[in-house]
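Single-structure report; data block below.
Letters A, B, ... mirror the listed sequences (proteins, then strands); counts begin at 1.
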2 protein chains.
Amino acid sequence: MDAEIVIRALAALAQEHRLAAYRLLVQAGPEGMAAGALSETLGVPASSMSFHLSQLANARLVQQQRQSRSIIYSADFAAMNALMAYMTENCCGGVPCTADTGCTPAAASPSSARKDVA
Amino acid sequence: MDAEIVIRALAALAQEHRLAAYRLLVQAGPEGMAAGALSETLGVPASSMSFHLSQLANARLVQQQRQSRSIIYSADFAAMNALMAYMTENCCGGVPCTADTGCTPAAASPSSARKDVA
DNA sequence: TCGATATTTCGATATTTATAGAATTATTGG
DNA sequence: CCAATAATTCTATAAATATCGAAATATCGA
């Protein structure tokens with residue numbers, strides 16, 4: 001994964017409606033959701049939703065697949081995992097990440113509070 | 001972590017220079033790097049770098065701390081972990097995530113062996 | 001206090017992005 | 001083929017963001 005696609009993915013997620021849509025798709029799992037269902041659930045006009053979905057697709061975060069008249073979108077989990085890996089790559093310069101540094105990807109629970117770092 | 005701060009964090013990372021700066025800070029570990037060092041390493045004017053660093057700080061992705069004339073920035077790993085957790089929350093609607101669905105958050109661990117994580 | 005260093009704030013400009021109605025394209029059922 | 005449905009592309013406008021030089025703000029050493 002190169003910087004360019006990573007930036008596109010992050011930019012795609014950095015928007016209220018797209019983040020919400022992406023999360024709905026994550027929760028929907030492999031079955032995905034139709035564009036219209038997303039549009040209606042989120043209260044976003046169809047043309048706007050389409051614009052947002054194309055950003056997500058362009059960033060490879062979601063896949064699309066026609067099913068009759070609908071177009072079903074689904075989250076690409078591999079892309080998300082690659083994104084996370086990219087951002088924490090070579091964490092702490094190779095020094096083993098201890099709980100002390102806090103640099104333990106995915107080890108910390110979301111709310112672990114760590115205040116002062118030397 | 002609420003949607004608002006998540007979007008700010010994603011937007012902060014969705015920019016060439018800021019993503020590069022953040023990655024340098026991740027690699028630098030708890031010791032961090034001075035604003036000037038980041039500016040010079042990335043070939044970005046000081047005023048621009050300052051603008052970008054304030055975006056990262058505003059999103060709580062980095063911390064800053066004055067050390068004599070320099071201001072040392074360092075990555076906040078807890079914030080990054082929270083970010084990832086938010087995006088994969090309630091993945092597949094609670095159905096156990098198998099390798100088949102690909103929906104296994106944090107399956108890729110950058111540099112350290114993962115002990116058993118719940 | 002003065003001069004040098006490190007960084008941030010200001011200001012003006014250029015670029016990118018979001019929005020949503022209208023028109024267009026694709027698919028299905030009768 | 002036609003009407004209905006589902007989605008996308010087009011178009012215009014509004015809003016947010018990036019850029020970087022110049023000026024301002026801290027801090028230090030002599």
Within less than 4.0 Å of OP1 or OP2 of [N], is there a side-chain N or O belonging to [X]?
X	N	answer
A/His52	C/dT19	yes
B/Arg66	D/dA26	no
B/Tyr73	C/dA6	no
B/Arg69	D/dT25	no
B/Ser70	C/dT7	yes
B/Gln15	D/dT19	yes
B/Ser50	C/dT8	yes
A/Gln67	D/dA6	no
B/Ser48	D/dT19	no

### Task
Please tell me if the side chains of A/Leu25 and A/Ser74 come closer than 4.5 Å, counting only heavy atoms from C-beta onward.
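Of all side-chain heavy-atom pairs linking A/Ser74 with A/Leu25, none is under 4.5 Å.
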### Query
Are side-chain heavy atoms of A/Val26 and B/Glu89 found at a separation under 4.5 Å?
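The answer is no, as the side chains (C-beta and beyond) never meet within the 4.5 Å cut-off.
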Figure out the [atom1]/[atom2] separation between [X] and [N], and round it to whole Å.
X	N	atom1	atom2	answer
A/Met49	D/dT9	CE	P	14 Å
A/Glu16	D/dA16	CD	C1'	14 Å
B/His17	D/dC20	NE2	C1'	11 Å
A/Leu53	C/dA18	CG	P	13 Å
B/Ile72	C/dT7	CD1	C1'	12 Å
B/Ile71	C/dT9	CD1	C1'	12 Å
B/Gln65	C/dT8	CD	C1'	18 Å

### Message
Tell me which nucleotide, if any, is Watson-Crick or G-U wobble paired with D/dT25 when both distances must be under 3.5 Å.
### Response
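Pairing partner, where one exists within any strand: C/dA6.
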### Task
With a 3.5 angstrom cut-off on both distances, give the Watson-Crick or G-U wobble partner of D/dA30, or none if there isn't one.
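Matched D/dA30 with C/dT1 under the 3.5 Å cut-off.
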### Message
Can you tell me which nucleotide in D/dA22, D/dA7, C/dT7 comes closest to the side chain of B/Ser47?
### Response
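Per side-chain heavy atoms of B/Ser47, the pick is D/dA22.
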### Query
Taking the side chain of B/Ala35 as heavy atoms from C-beta outward, which of C/dT19, C/dT8, D/dC20 is closest to it?
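Of all the options, the side chain of B/Ala35 is nearest to C/dT8.
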### Query
If you find the nucleotide of DNA chain C closest to A/Ser68 and the one closest to A/Phe51, which residue's nucleotide is nearer the 5' end?
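Of the two residues, A/Phe51 wins.
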### Query
Which atom names give the shortest non-hydrogen contact between B/Tyr22 and A/Met87, and what distance separates them?
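It is CE2-O, 4.0 Å.
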### Query
So which heavy atom on A/Leu56 is nearest to which on A/Arg18, and how close?
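Closest approach of A/Leu56 to A/Arg18, heavy atoms only: CD1-O, 3.9 Å.
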### Inter-residue atom distance B/Met33.CE - B/Glu40.CD, 0.5 Å rounding
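Taking CE in B/Met33 and CD in B/Glu40, the distance rounds to 9.5 Å.
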### Query
Under 4.0 angstrom, heavy atoms only, what part of the nucleic acid is A/Gln55 near: base, sugar-phosphate, or nothing?
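Sugar-phosphate: the residue A/Gln55, judged by heavy atoms under 4.0 Å, touches backbone atoms but no base.
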### Task
For B/Ala11, answer base if it contacts any base atom (sugar-phosphate contacts may also be present), sugar-phosphate if it contacts only those atoms, and nothing otherwise; contact means non-hydrogen atoms under 4.0 Å.
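B/Ala11: no heavy atom of the nucleic acid under 4.0 Å.
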### Message
Heavy-atom count check: over 12 atoms from other residues, nucleotides or ligands less than 6.0 Å from A/Arg60 CZ?
### Response
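12 or below, so no.
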